[in-house]
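Here the structure comes first, spelled out in structure tokens, and everything after it is commentary.
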Amino acid sequence: MRYIPNSAEERAKMLAEMGVQSIEDFFTSIPAHLRLDKPLNLPPAYAESELIKFFKNLAARNIDPNSSTSFLGAGVYNHFRPVIIDTLISRSEFYTTYTPYQPEIAQGTLQAIFEFQSMICFLTGMEVANASMYDGSTALAEAVLMANRINRRKKVAISQALHPEYRQVLETYLKSTGMTLETIAFGTSGQTALDSLDINDQTTAVIIQSPNFFGSIEDLELAAEKAHKAGALLISVTTEPISWGLLRSPGDCGADIVVAEGQAFGIAPSYGGPYLGIFASRAQYQRQMPGRLIGQAQDTYGNRGFVITLATREQHIRREKASSNICTNQGLFMLMATVYLSTMGRRGLQEVALQNLQKAAYAAQAISSLEGYSLLFSAPRFNEFVVKTPRPAAEIVKSLTSHNIVAGLPLSNYYPDMTNALLVCVTEQNTRAEIDALVALLQ
Amino acid sequence: MADYPDNLLYTKDHEWVRVDGTSATVGITHFAQAELGDIVYVELPKVGEKLAQNDSFGSVESVKAVSEIFMPISGAIEKVNEALNDSPEHVNNDPYGEGWMITLKIENPSEIDALMSAAEYEDFLSENRN
Amino acid sequence: MSNDNSRIKKVRTHISQNESLIFERSRSGAVGYKLPKIDVPTTEVNELVNSKYLRTDDLANMPELAEPDVVRHFTRLSTWNYGTDTGMFPLGSCTMKYNPKINELVARLEGFATAHPLLPEESAQGCLEVIYLAEQLLAEITGMAAVTLQPAAGAHGEMTGIMMIRALLACRGDARKKVLIPDSAHGTNPATAAICGYTVEGIRSNERGLTDLAELEKRMDDSVAALMLTNPNTVGLFEENIEKICKLMHERGGLVYMDGANMNALCAVARPGDMGVDVMHMNLHKTMSTPHGGGGPGAGPVAVTKELAPYLPSPMVIKQDGKFVLDYNRPQSIGRIRAFYGNFGVVLRAVCYMLTLGSEGLRENTETAVLNANYIAHHLRDIYEIPYEGKIMHEVIFSDKRQKKYGITNGDIAKRLIDYGFHPPTMSFPLIVPGSLMVEPTESEGREEMDLFIDAMKSIDKEAQENPEMLKHAPHTTRVGRFDEVAAARNPVLRWQATKSEEK
């Protein structure tokens, strides 16, 4: 086997020197009848050349990315990934290392996390960000558990315009906690109807996504004001953080916990993961936060460096009383985001956000001027919008797929009543020619 | 000395108690702070909270360990030592002075009788060391 | 420095570059990107978005650098790290094996990497087939009936598994309150049970380091939902009574959750499904060679018996008329535990690995991993205490008991190993071994590297006797020394902030 340095010959020699008859002797603590006496029923071992062929064949059964165009968003976004991201994260000192428990030989990882935490604080307008969670949806679930640790309340007010899969994940996490969800409907603008918000001293948190699942920008400031009046926390959710290049930060609007999906920061869609859960909060709540935190420290010679800190919140020390059972952060994907944010930098983030805004506005205008089409919602948007379609959106998507255009997401997938509604996303990656082709086919 | 001052009472969970009329002051013992090592954070209850004997009223954290602290006797919290928020090292440097944690209003004076004297506590420590 | 490094054979020090924080390197006006010119007519931003929603801080504090500076920055940081491609990484229970490069290539194939998770199913047949295939391979390896790939990590898998147990018991009308967990368990086990709403009760290990059957017999009653067991357990021993344990649990209405963190000792040799386990997770980033990435991402697929299969998270991939489709019609499912379908990119790497090895390769791996651990135990057992003697499997657990008499702890030994060119072993658990040093060489280490490790451990023991003070300040050859973690925790600095002169 090409991954085993000790040859069969060498292994036999080692056994002999140790005075062990056969390798089987090491396994005698497993009762004999439980030991397999025949090979597993697995495909025979492939050679490297066969593996490449096999997986290329499989990949070709997906839609061809080079001859197709996509207007899918809904939580996962098609942004350009600068080439140096993969160059740098492929440094094996980064990707073949472990959690930085030994700071003397892990300063690379530790400093990168510290830089990530700092950038997330700037972008979100918050004071503390952790080293990342699994993804946006699980980060939200952890945020709700954290809100409950802070104020011990049991009701969660949740916007109907939150990504439906995030809501489903939250429902699963809350099943054994006795906490309940109360839905805040969305209005004709596509924004959450905050005037109908009915919360009280039982409400632990209000959850608002902005831009929300329909692409509408929410009034987070108003949401914060209403939540705080009832003594509840505002948890803001963002699935498209490129919008932060342009939009006011959730922290500036008064959010208490900010969670986001960081996939848009240079991470490939990769059929749903791995992604990057962003999690930030206020300094006063830092000891209630889940996940890993990296802090600045001095070594014995007075050098600046970084260490895992406030670890007593975590499972390996507090066990059943830990703030979360989470053990990982998304180390390498956090690094991808840090490289992305460094490469795009201050001006690149502004420019890419602006391009998304303008291209989506152009597409929205062009589609809504078609006969039978209109925009379903009136609120301002970033790079996504909902089109009211003259026939079921699912049919449209199906017929355009045969032209190698994925027109968007039929909302009926998640909101069964909304059959004639198509969620369209336009990023800097969609050219005017692609948008025009979509418009022409919709006609 | 006075690792274990005679004027204090002690628990098996390594808290000390100073009774002062209807109130009592509570902290952790020299032994407890030494076992934990450098203390980096002390979590304390809210003033006014009513807790029963043996309820946890907070926790002390070192870099790699956390330990709960328990009510030696029942009562309502009267004061907490806010200075520990900024200077948790008081618990290490002066466990019976600046390192005090809470004062409480004694609810049931008979619970005091069950606490150990300094001599009893030292015996308890040496028994458990062996 | 009074330390003598002449015994160190594996490494020499070399120059390592200093590097500031990225913010300190930022230069106003520098750019590292170029976007295509905008090709659509534009509108005033204020006309599209009300100014009250717009940012006013001009993203001050976000860095501005040219591409070469970004590359140099992260390259320099990388040189401060130690990875499995650098050398032996004997971190017990973490299975730091070789991360094959073909896996990385496969995960980056364009057709997979660019696939959007909400593509119409007919446009994502390749991805769906990978998921379907991965589930089949893992079901065969574990001997279980069905598998979900949704959990993003081991702890996430544990949570999924315990939630399923909860759902099954609720369905039986027999909701229970407690989960039993051996005192040797990894910290995620009790944290998971607590998050799922269970009270945690510890089970003492017996003097051999195994689950005490008599104790279990006493503690297992109709309030106990499940036992969470790691097998081989965290002292590196196979739970010989696993069948009796499962039988006892089942007879009294409970279930057995197996933490599959240590599957590298069992693959293709024995299967948890044959032992009576009800539900288990596997860490693809351990046993199936996907990279640890400095803390993640991993993947924690969960495998279950037929009885538990209806409770698996939704959706599942099924085959219908020769096509792969997502099945959402799962009324008994615990629901969704992550958006989309899990860490697909990690699963892809694991499938590539399983196909590279086949059954024989997996068995050869397991046997070599166990041989290597025994080889290290054989050469170090006279010098370092092995607190629980037994049939050592894929890892050996030493303690610092003999070195303690010189005032030396496992932490000092670990730090000194760094000077010798090794990543230290695991020390944070099992809690039943004070001063533990968990050594897991994996099959990826050759004899030469292991011999250097053995020499280093022997040499450190000598140093403990001759020059304990020197050990207490190790490491001596790294670019930074030991950190003041107490000060870092008392006054946490968790982000960079511009000083007045740096403000833009």
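Note on naming: letters A, B, ... go to the chains in the order of the sequence lines (proteins, then strands), and numbering restarts at 1 for each one.
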*Using atom types as modelled and distance alone, determine if a side-chain donor or acceptor of Ser270(A) lies under 3.5 Å from a backbone N or O of Ala113(C).*
no

Okay, Tyr166(A) and chain C: the region with an atom under 4.5 Å from a heavy atom over there is side chain

Bottom line for Leu409(A): the part with an atom under 4.5 Å from chain C's heavy atoms is side chain

Between Trp496(C) and Ser118(A), the two heavy atoms sitting closest are N-OG, 2.8 Å

Sidechain-backbone polar pair: Glu115(A) side chain, Ile22(C) backbone, donor-acceptor under 3.5 Å:
yes

| message | Tell me if the centroids of the rings in Tyr341(C) and Tyr271(A) come within less than 6.0 Å of each other. | response | yes

All heavy atoms of Thr356(C) vs all of Ala45(A), minimum pair found to be O-CB, 3.3 Å

Notebook entry, point to check: Going by distance alone, is a donor N or O of one side chain under 3.5 Å from an acceptor N or O of the other, for Glu351(A) and Tyr33(C)?
Noted result: yes

What one should report as the nearest heavy-atom pair of Gly108(A) and Trp80(C) is N-CB, 3.7 Å

So, the part of Phe382(A) with a heavy atom under 4.5 Å from chain C: the answer is neither

Is there a donor in the side chain of Asn66(A) and an acceptor in the side chain of Glu110(C), or the other way round, less than 3.5 Å apart?
yes

Gln296(A) (side chain) donor-acceptor with Arg495(C) (main chain) under 3.5 angstrom
no

Honestly, the part of Ile105(A) sitting under 4.5 Å from a heavy atom of chain C is both

Is there a donor-acceptor pair closer than 3.5 Å between any side-chain N or O of Gln117(A) and the backbone N or O of Leu494(C)? yes

Whatever's closer than 4.5 Å to a heavy atom in chain C on Leu88(A) counts as side chain

query = Is it true that atom CD of Glu360(C) has more than 12 heavy atoms of other residues, nucleotides or ligands lying nearer than 6.0 Å?
reply = no

Margin query: Around atom NZ of Lys56(A), are there more than 12 heavy atoms from other residues, nucleotides or ligands closer than 6.0 Å?
Written below: no

So, the part of Val20(A) with a heavy atom under 4.5 Å from chain C: the answer is neither

Looking only at Ile337(C), Leu65(C), Leu237(C), Val200(C), most heavy-atom pairs under 4.5 Å shared with chain A are made by Ile337(C)

Applying a strict 4.5 Å limit to non-hydrogen atoms, the region of Arg347(A) in contact with chain C is both

Assert top hit (heavy-atom pairs under 4.5 Å, partner chain A, pool Phe429(C), Tyr98(C), Tyr375(C)) equals Tyr375(C)

Per-residue tally against chain A (heavy atom, under 4.5 Å) across Glu158(C), Met159(C), Glu122(C) peaks at Met159(C)

In terms of heavy-atom pairs under 4.5 Å with chain C, the winner among Asn78(A), Leu72(A), Asn303(A) is Leu72(A)

Under 4.5 Å to a heavy atom of chain C? For Glu127(A) that would be both

Closer than 3.5 angstrom, by distance alone: can the side chain of Thr96(A) be matched with the main-chain N or O of Thr84(C) as a donor-acceptor pair? yes

Interatomic distance, CG@Asn62(A) vs NE2@His116(C), rounded to 0.5 Å, equals 13.5 Å

Minimal heavy-atom distance between Thr401(A) and Ser123(C), with the atoms involved, is CG2-OG, 3.5 Å

Distance col, row Tyr98(A):OH vs His423(C):NE2, nearest 0.5 angstrom, shows 9.5 Å

Distance-only, no hydrogens or angles: does the Asp39(C) side chain make a donor-acceptor pair with backbone N or O of Arg432(A) under 3.5 Å?
yes

With chain C, the option among Glu48(A), His163(A), Met334(A), Gln330(A) that has the most non-hydrogen atom pairs under 4.5 Å is Gln330(A)

Cut-off 4.5 Å, heavy atoms of chain C, and the answer for Arg292(A) is side chain

Most heavy-atom pairs under 4.5 Å with chain A, out of Ala194(C), Ser359(C), Pro41(C), Gly361(C), belong to Ser359(C)

Note to self: Under a 3.5 Å threshold, yes or no: a donor from one side chain and an acceptor from the other, between Arg336(C) and Gln168(A)?
What the structure shows: yes

Cut-off 4.5 Å, heavy atoms of chain C, and the answer for Phe122(A) is both

Counting heavy-atom pairs under 4.5 angstrom with chain C, the leader among Thr177(A), Leu357(A), Leu293(A) is Leu357(A)

Applying a strict 4.5 Å limit to non-hydrogen atoms, the region of Pro44(A) in contact with chain C is backbone

When rounded to the nearest 0.5 Å, the distance separating CG of Leu15(A) from CG of Leu371(C) is 5.0 Å

Bottom line for Ser132(A): the part with an atom under 4.5 Å from chain C's heavy atoms is neither

Q) Going by distance alone, is a donor N or O of one side chain under 3.5 Å from an acceptor N or O of the other, for Asn81(C) and Thr109(A)? A) yes

task = Taking only Lys NZ, Arg NE, NH1 and NH2, and the carboxylate oxygens of Asp or Glu, determine whether Lys415(C) and Glu104(A) approach each other closer than 4.0 Å.
result = yes

Most heavy-atom pairs under 4.5 Å with chain C, out of Thr28(A), Leu349(A), Thr138(A), Leu36(A), belong to Leu36(A)

In terms of heavy-atom contacts, Leu355(C) and Pro43(A) come closest through CD2-CG, 3.7 Å

Most contact-rich option vs chain C, by heavy-atom pairs under 4.5 angstrom, among Gly272(A), Gly345(A), Pro380(A), is Gly272(A)

One should read off an interatomic distance between Gln355(A) CD and Thr42(C) OG1, to the nearest 0.5 angstrom, of 10.5 Å

Highest number of heavy-atom pairs under 4.5 Å with chain C among Ala74(A), Cys121(A), Pro103(A) belongs to Pro103(A)

The interface call for Thr309(A) against chain C, heavy-atom contacts under 4.5 Å, is side chain

Asp299(A) side chain vs Val480(C) backbone, donor-acceptor pair below 3.5 Å | no

Checked Glu485(C), Met96(C), Met275(C) vs chain A; the most non-hydrogen pairs under 4.5 Å come from Met96(C)

May I ask you to check whether Phe483(C) and Tyr301(A) place their ring centers less than 6.0 Å from one another?
-> no

Honestly, the part of Ala60(A) sitting under 4.5 Å from a heavy atom of chain C is neither

**Message:** I'd like to know if the side chain of Lys52(C) and the backbone of Asp219(A) have a donor-acceptor N/O pair within less than 3.5 Å.
**Reply:** no

Here the gap from Met62(C) atom CE to Gln350(A) atom CD, rounded to the nearest 0.5 Å, amounts to 10.0 Å

Could you check Glu445(C) against Asn6(A) for side-chain hydrogen bond (donor to acceptor under 3.5 Å, both in side chains), going step by step and ending with a plain yes or no? CA-CA 8 Å; Glu445(C) 290 317 320; Asn6(A) 286 328; over 6 Å; no

- Query: Is a side-chain N or O of Glu443(C) found less than 3.5 angstrom from the main chain of Ile4(A), in a donor-acceptor match?
  - Reply: no

Ranked by heavy-atom pairs below 4.5 Å to chain A, first place among Leu48(C), Asp58(C), Asn372(C) goes to Asp58(C)

Separation between OG1 (Thr368(C)) and CZ (Arg11(A)), nearest 0.5 Å, reads 3.5 Å

Using only atom types and a distance under 3.5 Å, with no angle test, would you say the side chain of Arg55(C) pairs donor to acceptor with the backbone of Leu123(A)?
yes

